[in-house]
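Read the structure below first, then the notes.
Naming: A, B, ... by sequence-line order, numbering from 1 per chain. Basis for what follows: all heavy atoms, side chains included, without hydrogens, waters or symmetry-related copies.
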Amino acid sequence: MTNKELADLLLPNVDSDLSKYEEKYPERNLKEGAIVTRFAPSPTGFVHMGSLFQSFISRKVANDTEGIFFLRVEDTDQKRLVENSVKGIVLDLKNFNIEIDEGMLSEEEEKGAYGPYMQSLRKDIYQSYVKYLIEQGKAYPCFCTAEEIEDTRLLQEKKKQRIGYYGRFAKCRKLTPDQIKEKVEKGEPYIIRFKSYGDFERRIKVNDLIKGNLEVPENDLDIVILKSDGLPTYHFAHLVDDHLMRTTHVIRGDEWLSSLPLHIQLFESMGYKPPKYAHISPIMKEENGVKRKLSKRKDPEAAVSYYHEKGIPVEAVKLYLMTLANTNFEQWYDCNKDKSLEDFTFDFKKMSSSGGLFDVEKLFNISRNYISRLKASEVYEGTVNWAKDYDSEFYEILKSHKDYATSVFNIEREQKKPRKDYGCYSEIKEQTWYMFKELFDKEEKDYAFQTISDKEEIKNILTAYMEKYYNENDTKEEWFDHMKDLAHEFGYAKEVKEYKENPDNYKGHIGDISLVLRIVLTTKSMTPDLYDIMHILGKDTILERYQNWIKEN
RNA sequence: GGCCCGUUGGUGAAGUGGUUCAACACACAUGCCUUUCACGCAUGCAUUCAUGGGUUCAAAUCCCGUACGGGUCACCA
């Protein structure tokens, strides 16, 4: 029996003519140096930080070179499918403004000329390639049962030999055509394995864009390429898809590094040029002094939705990812504050080859700086969008007081050295609630008095301020002069310096007085500039809050 | 167990044989500035690059061993 007959026996209704695929999916007509990348998740749930990181880099590299970035769904493991996860993946990418040029848009829809982009829909294609390999004598059926495989493994372990289906352990490789025919006709179930021509003793050099040159043993494992359900394994789908989809750069997690010799051999056996590989180390997390992979189950920050919920601007997360991705980015950005991510060119060589620790603290710092440079109207937009999903009360308030809220967010903003109060949008309410009447009035108030805490003294200060010193039309200078006069009247130094020089002459200094006015107005001892706050709150609110406090105490 | 990768301060890290090589950033600490806070400014924070040996006039940088961490060895991706 020839290989051709064997192939027909095993895959009777499959066409092994590959030329039609080559014609249908031609070399991409892109400019010189354009990079084609992809994000290829299994639809088993939502996007993990590590995957987002990978797709972020892939998208970036494609952008930098005017290439293509596409989304392929790897659903060849039918047991692990989670309903609607394609939708979730698409949404997560969308939330981070990672656009795809081609690929899945939802559970059913896709765009692009190199599809289908859902592997389960590519069954025919894979089978054609499998049949072709059988005809070429480069693949063969395997009838081993799970038990048999397990037994060889045990034996190999016992004899301290390498584990796997290779060499003399590859029983079915030695089956004669007649034996195969007999088994098939008896109805014995089988899968298809790749007939490796590698030699473990031989070492080959492989290159990884991030890890550099590696020297590894050749692959000699006869891995499964077609499973009993007729779908391919990852390795084989990778070969077929990334060849046909004309991927130039495979960017993936470094758990794949050890199968790189296999993948290179697979491409070689078909006479295809393998893509370039970039294996990314996992993002780590430290807990109780132990470093481990960031885990979606244990770490809330591993889920991409966490950032959406916290209200960290997408752009800030990207800035952080870029500092992790390219170690020279941070300095570049520091020198080019007016530029954006798009102006920076990603470089594989500048990527750390070992896994970095995910530093939420640093992310918040980047976010804080980013928000501080935003315009008040942008902060307003961001906060409204966040509140819309996560805080309906705040959302309503913001919606009905747009200009007012914007002026609150504008305090000490849009200047050379803006305040850095907000690390994320979800923090804004707790920092500005006292500026909103609706929130202030309903709040159970806890006034944080410090140096001056005697209620009579406070009442007197408030009364004097309202009667003699407060004038809503004061400029900041006038306002401050009045504060000084108030301090003086009550025996407090007009200047902190004066007080420090002669502490015995005074009950305190102007800071103590302004603190009282600040606290009764806001309940807090730490706020942005008091003049700005008063200016925005307005006369009525100020008098109301002062009078109410006097009444209640 | 086999194979592969990694190890620079609390963190992210720069640096691949010698001209300040231990940058820069985050965090932390102290001080200054200031009506509070924040901002800003100043200063401090690894005599040492996991560890033991070797090569060299010279090593974080090259070589070998050890330890520790990670990955992989499925009809999962």
- Interatomic distance at C1', B:rG54 relative to B:rU61, whole Å: 15 Å
- Of the listed B:rC76, B:rC4, B:rG12, the closest approach to the A:P217 side chain comes from B:rC4
- Message: Would you say A:N365 places a side-chain N or O within less than 4.0 Å of OP1 or OP2 belonging to B:rA27?
- Response: yes
- For B:rC76, does OP1 or OP2 lie under 4.0 Å from any side-chain N or O of A:K79? yes
- Would you name the heavy atoms of A:L374 and A:R413 that are closest together and state the gap between them? O-NH1, 3.0 Å
- Inspect the surroundings of NZ in A:K507 and state if more than 12 heavy atoms from other residues, nucleotides or ligands are less than 6.0 Å away. yes
- Nucleotide of B:rC4, B:rC75, B:rG12 approaching A:R193 most closely (side-chain heavy atoms): B:rC75
- Message: Between A:E412 and A:P528 (side chain of the first, backbone of the second, donor and acceptor by atom type, cut-off under 3.5 Å), is there such a pair?
- Response: no
- In whole Å, what separates the P atom of B:rC5 from that of B:rC62? 14 Å
- Message: If the threshold is 4.0 Å, N to carboxylate O, is there a salt bridge linking A:D242 and A:R72?
- Response: yes
- Query: Do A:Q331 side-chain and B:rA23 base share a donor-acceptor contact under 3.5 Å?
  - Reply: yes
- Are any of the side-chain nitrogens in A:D208 or A:K276 under 4.0 Å away from the carboxylate oxygens of its partner? no
- Item | Spacing between A:L257 atom CG and B:rC73 atom C1', to the nearest angstrom | 14 Å
- Which letter, B, S or -, goes with each nucleotide of nucleotides 32-38 of chain B from 5' to 3', with contact meaning a protein heavy atom under 4.0 Å? ---BBBB
- Query: Within the structure shown, what part of the strands sits under 4.0 Å from A:E330 by heavy-atom distance: base, sugar-phosphate, or nothing?
  - Reply: base
- Query: Expressed in angstrom and rounded to an integer, what is the separation of A:Q156 atom CD from B:rC73 atom C1'?
  - Reply: 10 Å
- Quantified in whole Å, what is the P atom distance between nucleotide B:rU55 and nucleotide B:rA29? 47 Å
- Task: Would you indicate whether A:E83, at its atom CD, is surrounded by more than 12 heavy atoms from other residues, nucleotides or ligands within a distance under 6.0 Å?
- Result: no
- Task: Answer yes or no for A:R193 and A:Y140: cation-pi contact, defined as NZ/CZ to six-membered ring centre under 6.0 Å and angle to ring axis within 45°.
- Result: no
- Between B:rG1, B:rC5, B:rC4, spot the one nearest the side chain of A:I163, thanks. B:rG1
- Got a sec: does the NE2 of A:H535 have more than 12 other heavy atoms crowding it under 6.0 Å? no
- Taking only N and O in the side chain of A:S281, is any of them less than 4.0 Å away from OP1 or OP2 of B:rG6? no
- Query: OP1 or OP2 of B:rA77 less than 4.0 angstrom from a side-chain nitrogen or oxygen of A:R252, does that happen here?
  - Reply: no
- C1'-based separation of B:rU51 from B:rC37 [nearest Å]: 48 Å
- Can you tell me if the side-chain N/O atoms of A:K350 get under 4.0 Å from OP1 or OP2 in B:rG12? no
Identify all side-chain donor-acceptor contacts of residues 229-236 of chain A below 3.5 Å with residues at least two apart in sequence or on another chain.
unit_1: A:D229; atom_1: OD1; unit_2: A:L231; atom_2: N; d: 3.0
unit_1: A:T233; atom_1: OG1; unit_2: A:V224; atom_2: O; d: 2.8
unit_1: A:Y234; atom_1: OH; unit_2: A:R252; atom_2: NH2; d: 3.2

- Message: Rounded to whole Å, how long is the line connecting atom OH of A:Y140 with atom C1' of B:rC75?
- Response: 13 Å
- What is the distance from CG of A:L154 to P of B:rA74, rounded to the nearest Å? 13 Å
- Query: Heavy atoms under 4.0 Å, any strand shown: does A:L214 hit a base, just sugar-phosphate, or nothing?
  - Reply: sugar-phosphate
- Gap in Å between the two P atoms, one belonging to B:rA59 and one to B:rA22, rounded: 14 Å
- Item | Helical stems, RNA chain B - three or more consecutive Watson-Crick or G-U wobble pairs below 3.5 Å | B:1-7 with B:67-73, B:10-12 with B:24-26, B:28-32 with B:40-44, B:50-54 with B:62-66
- Euclidean distance, atom CG of residue A:L81 to atom P of B:rA77 [Å, nearest integer]: 10 Å
- Item | Derivation and outcome, ring-ring contact (aromatic ring centres under 6.0 Å, His included), residues A:F267 and A:H238 | CA-CA 10 Å; A:F267 275 88; A:H238 161 50; 5.5 Å; yes
- Query: Rounded to whole angstrom units, what separation is found between the NE2 atom of A:H238 and the P atom of B:rC76?
  - Reply: 17 Å
- Message: Can you check the distance between B:rU16 and B:rA23, where both ends of the measurement are the P atom (answer in whole Å)?
- Response: 15 Å
- Item | Among B:rC26, B:rA77, B:rC5, the one nearest A:K211 by side-chain distance | B:rC5
- Message: Can you check the distance between B:rC28 and B:rU34, where both ends of the measurement are the C1' atom (answer in whole Å)?
- Response: 23 Å
- Report which part of the nucleic acid A:T76 touches: base, sugar-phosphate, or nothing (heavy-atom distance under 4.0 Å, all strands). sugar-phosphate
- Query: Between B:rC76 atom P and A:I149 atom CD1, what is the distance in whole Å?
  - Reply: 12 Å
- So which one's nearest nucleotide on RNA chain B is more toward 5', A:E255 or A:S228? A:E255
- Message: On the six-membered ring of A:F346, is A:K60 placed so that its NZ or CZ lies under 6.0 angstrom from the centre and within 45° of the ring axis?
- Response: no
- Query: Quantified in whole Å, what is the C1' atom distance between nucleotide B:rC49 and nucleotide B:rG15?
  - Reply: 10 Å
- Query: Is A:E498 salt-bridged to A:K484, going by a charged N under 4.0 Å from an acidic O?
  - Reply: no
- Side chain of A:S258: nearest nucleotide among B:rA25, B:rA74, B:rG71? B:rG71
- Nearest-Å distance, CG (A:D254) to P (B:rA77)? 19 Å
